[in-house]
Structure formats: structure tokens, C-alpha cells
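Written out below as C-alpha cells is the structure these notes cover.
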There are 2 protein chains.
Amino acid sequence: MKYSKKERQKLLQQTIIDNPFVTDEQLASQFKVSVQTIRLDRMELSIPELRERIKDVAAHNFENDVKSLPIDEVIGDIIDIELDERALSIFDVKEEHVFQRNGIARGHHLFAQANSLAVAVIDDDLALTVHSEIHFVKPVRAGDRVISKALVTGKDDSKSRTFIELTSTVENEVVFAGKFEMYRTKGQGGNQ
Amino acid sequence: MKYSKKERQKLLQQTIIDNPFVTDEQLASQFKVSVQTIRLDRMELSIPELRERIKDVAAHNFENDVKSLPIDEVIGDIIDIELDERALSIFDVKEEHVFQRNGIARGHHLFAQANSLAVAVIDDDLALTVHSEIHFVKPVRAGDRVISKALVTGKDDSKSRTFIELTSTVENEVVFAGKFEMYRTKGQGGNQ
DNA sequence: TAAAAAATTAGCACTTGGTACTAACATCAG
DNA sequence: CTGATGTTAGTACCAAGTGCTAATTTTTTA
């Protein structure tokens with residue numbers, strides 16, 4: 001037997017999500033209904049026609065191409081910052097950040113958030129990580145909201161170094177901690 | 001005066017690169033020639049029609065979307081691996097990996113390559129980084145090919161720990177080095 | 001079981017953004 | 001003046017639709 005209308009529409013929706021490049025005609029033969037039925041289904045589900053779908057995918061891509069660099073500069077959203085003092089950022093862990101096999105966040109994402117924050121907190125055009133000692137205290141999972149705090153703990157102006165202590169927490173539990181030694185170009189002999 | 005054919009075609013090409021979503025009609029009115037002329041121009045320049053262009057952009061995007069997860073599991077391509085012994089991976093640094101301002105690779109990408117390799121070299125379903133001490137020895141730039149070597153230096157089976165020493169080089173110069181302490185589920189008392 | 005409602009199919013005119021092709025002009029160089 | 005090059009115009013056609021009306025089939029329900 002064929003699918004019921006509900007089943008068909010559900011499958012239709014998924015099919016189009018999986019492959020937005022499919023035409024009504026292909027869908028019709030796949031589900032063994034007429035093209036008109038497919039079109040009625042699309043209307044009911046508010047699924048746009050092939051060309052619109054493709055345009056959407058393309059537009060998305062085009063947008064991302066332009067934006068990907070600036071957005072990526074800091075991983076996580078900085079929600080508070082006092083240059084050369086402290087900074088705070090939020091990073092929402094999603095499915096794409098975890099290992100498929102065990103659902104635990106890959107370490108480099110936590111490091112990326114921490115490292116980006118360490119770079120951001122420094123009031124200088126050029127800040128680079130020189131050395132870092134880090135601890136992955138507790139596994140983080142998809143859905144977790146990681147809050148990173150960076151605290152500038154010291155400076156060595158003769159060597160152009162800044163020292164930062166960093167803690168990341170999920171619901172007030174420490175999941176990641178690290179010390180960062182950063183290099184900066186300008187000596188910046190103390191602001192204020 | 002209008003543009004010469006050559007000038008027009010050059011501008012046409014750039015216009016379409018900048019915005020692949022433009023129609024022949026829009027181009028015609030922009031260059032103050034007929035739609036037919038635009039079409040002849042496109043033929044001579046082998047520029048496909050609007051829909052094909054959009055489809056290309058979309059297909060590109062789609063491909064990347066699908067691949068991003070599996071590829072991302074390991075940053076860089078593993079070119080050699082002996083489980084629980086050593087591993088080697090290559091990572092080509094591109095524009096998107098560097099800071100816009102100074103062209104230096106963001107630290108977390110080097111860490112990601114290193115960390116992923118440390119995870120990969122362990123012969124276990126579940127490997128997690130517990131602790132790591134890392135040095136960013138020399139700045140890395142776009143175009144550089146980073147080769148990471150991971151060497152298993154020790155184990156503490158009672159604590160389910162594996163110790164790894166990692167070195168990343170660009171043209172035989174060390175750019176990044178680190179020690180990783182990894183956690184694994186299975187004790188794995190030494191494979192042959 | 002027959003009538004009503006829901007679902008499906010069919011057909012036609014029309015739309016966009018083109019291709020393919022033919023034919024008519026325009027402009028300029030030799 | 002003639003020929004080459006460039007430009008414009010017009011026609012038929014295509015894919016992948018929308019919008020609309022109407023007919024047919026299936027299902028529900030009174």
C-alpha cells in the first residue's frame with residue numbers, strides 16, 4: 001500500500017531537507033502519486049519550489065562566505081570585557097562540536113573559546129599565545145552552555161608578556177581551566 | 001560613451017562574480033545594451049545562466065555542509081598512524097585560519113590539529129584530553145603546511161592514562177610543541 | 001448503503017529566465 | 001563601396017514551476 005497523506009508529507013519534508021535539489025516530478029514518481037499531489041503537499045507544508053530552495057541554499061552560502069571570517073575571530077560571544085583586566089564569553093555547545101561516538105565536546109572547541117577570549121582581553125593589535133597549560137576537568141556535552149572567564153593576573157613588560165588565568169564553567173561547575181602566557185607587541189605599561 | 005565590447009565583458013565578468021544572482025535583464029539595463037548582447041557576451045565568456053550559477057553556489061555549500069562533520073573529526077589529514085605508538089598529520093593553513101590583522105594563524109587551529117591527532121593515535125573508542133601543556137614556538141601563516149607528529153611516550157594503566165608528546169613543524173622548523181595527558185576507557189595493556 | 005467530505009488527478013493558461021536560431025541593422029576599416 | 005564585426009530584434013522552445021477549475025476516486029460518516 002501507498003503511504004497515507006500524513007506519512008507521505010512527513011517523508012516528503014525529510015526528503016527535501018536531505019536533498020533540496022529534487023524536483024516535483026522526481027518526488028511524484030518516488031511516492032507514486034501525481035505531480036499535482038506533490039504540489040498540494042508542498043503548499044500545505046509551505047515548502048517553496050525547487051528554484052527558491054536552491055536560491056535559499058545559495059544565498060545562505062553567499063552570506064556565510066562573507067561573514068565566516070569576522071564571526072570566527074572569537075569563538076563564543078563575548079558578553080563582558082574590561083581590556084587588560086577580565087573578559088567573559090558564552091559558547092553554546094551544539095551537535096557539531098561533539099564526538100559522534102560518545103557525545104562529548106571535542107577538546108579543541110573548549111580550547112578555542114578559551115584561547116580566543118585570552119586574545120580578546122588583551123588591549124593590543126597583536127596578541128599571540130606563547131604557552132599554555134590546560135586542564136579538561138569535566139566532559140562537556142551538546143546543549144551545555146559554557147561560560148569562560150579570563151582574568152589577567154600579571155605582566156612582564158620587559159618581555160612583552162601578559163599572564164591570564166582562565167576558567168570555563170557549565171552551570172557553575174568547572175569544566176576547563178588553564179593558564180595562558182600571551183605575547184603582545186606594544187608594551188602597554190599599565191592602563192590608567 | 002558606452003563601454004567598448006572588451007571593457008563591457010570585463011566588467012560583466014566581475015559583476016557576475018560579485019553577485020551571481022543578477023539576471024541578464026538587470027545586466028542589460030546596467031550596461032545599456034540589449035539583453036541579446038549580454039547573452040552573446042556570456043557565451044563568449046562561457047558564463048552559465050543565472051540558474052546554473054545559483055545551483056553551483058548551492059551545490060558547493062551543500063557539499064561542504066555534508067562533509068563538515070566527518071572531516072572535522074580530525075583536523076588535518078592523517079597520513080600515517082600506528083595505534084598507540086605514533087601518528088602524523090598534515091594541515092594546510094588557509095586564509096580562514098589566520099587573524100585578519102596580522103596574518104598569523106590563530107592558536108586554536110594548531111591546537112585542534114594537535115589535539116585531534118592525540119585523540120586519533122589512541123586505540124580506543126573513547127579518548128579524552130585531560131591535561132595539556134603547549135608552546136606556540138613560532139608564528140604560522142596562510143600557505144604554510146603544518147606537519148604534526150604525535151608520539152606515545154608512556155602509559156599509566158591503573159589510571160587509564162596515556163602520555164603523548166607532540167611536535168608540529170613547518171618546513172622542518174618547530175612551530176608548536178606540547179605534552180598531552182589523555183584518558184581512555186579500556187586499559188589496553190599493550191598491543192604486542 | 002447513499003450522501004458528504006476529503007484526497008487525488010487532470011488540464012489549461014501563464015510566468016521566469018533562459019537557449020537556439022534566423023534575420024535585420026549599424027558602424028567602422030581597408 | 002564592400003565586408004567584417006558588433007548589436008538588436010524576433011520567433012519558437014524548454015524547465016519547473018504557479019494559479020485556477022473541474023473531474024474523479026477514496027474515505028468517512030450519518
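Below, read A as the first sequence line, B as the second, and so on, with proteins coming before strands; counting in each chain starts at 1. Quantities reported herein were computed from a predicted structural model and do not represent experimental measurements.
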Do [X] and [Y] sit within salt-bridge range, that is, some charged N less than 4.0 Å from a carboxylate O?
| X | Y | answer |
| --- | --- | --- |
| B/Lys159 | B/Glu181 | no |
| A/Asp84 | A/Arg184 | yes |
| A/Lys55 | A/Glu52 | yes |

Rounded distance in Å - [atom1] ([X]) to [atom2] ([N]):
| X | N | atom1 | atom2 | answer |
| --- | --- | --- | --- | --- |
| A/Phe21 | D/dA16 | CZ | P | 13 Å |
| A/Asp24 | D/dA16 | CG | C1' | 8 Å |
| A/Asp41 | C/dA7 | CG | C1' | 10 Å |
| B/Ile38 | D/dT7 | CD1 | P | 10 Å |
| B/Glu7 | D/dT7 | CD | P | 12 Å |
| B/Glu52 | C/dT19 | CD | C1' | 11 Å |
| A/Ile54 | C/dT16 | CD1 | C1' | 14 Å |
| A/Lys6 | D/dT26 | NZ | C1' | 18 Å |

Less than 3.5 Å between a donor and an acceptor, one on the side chain of B/Arg51 and one on the base of D/dA15, is that the case here?
->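 Absent.
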Nearest-nucleotide comparison on DNA chain D, the residue closer to the 5′ end among A/Met43 and B/Glu44 |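 By nearest-heavy-atom nucleotide position, the 5'-most residue is B/Glu44.
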Does a side-chain N or O of [X] approach OP1 or OP2 of [N] to a distance below 4.0 Å, or not?
| X | N | result |
| --- | --- | --- |
| B/Arg8 | D/dG6 | no |
| A/Ser34 | C/dT9 | yes |
| A/Thr37 | C/dT9 | yes |

CZ of B/Phe180 to OG of B/Ser132: how many Å apart, nearest 0.5 Å?
->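 These two atoms lie 4.0 Å from each other.
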At under 4.0 Å between heavy atoms, what does A/Gln36 touch on the DNA or RNA strands: base, sugar-phosphate, or nothing?
->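 Base: the residue A/Gln36, judged by heavy atoms under 4.0 Å, touches a nucleobase.
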When all nucleic acid strands are considered with a 4.0 Å heavy-atom cut-off, which category describes A/Arg42: base, sugar-phosphate, or nothing?
->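 The answer is sugar-phosphate, as A/Arg42 gets under 4.0 Å only of primed atoms, P, OP1 or OP2.
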List, by chain and number, the other hydrophobic cluster members for A/Val137, where Ile, Leu, Val, Met, Phe, Trp and Tyr join if side-chain heavy atoms come within less than 4.5 Å, directly or indirectly.
->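 Noted: A/Val137 shares its cluster with A/Val174.
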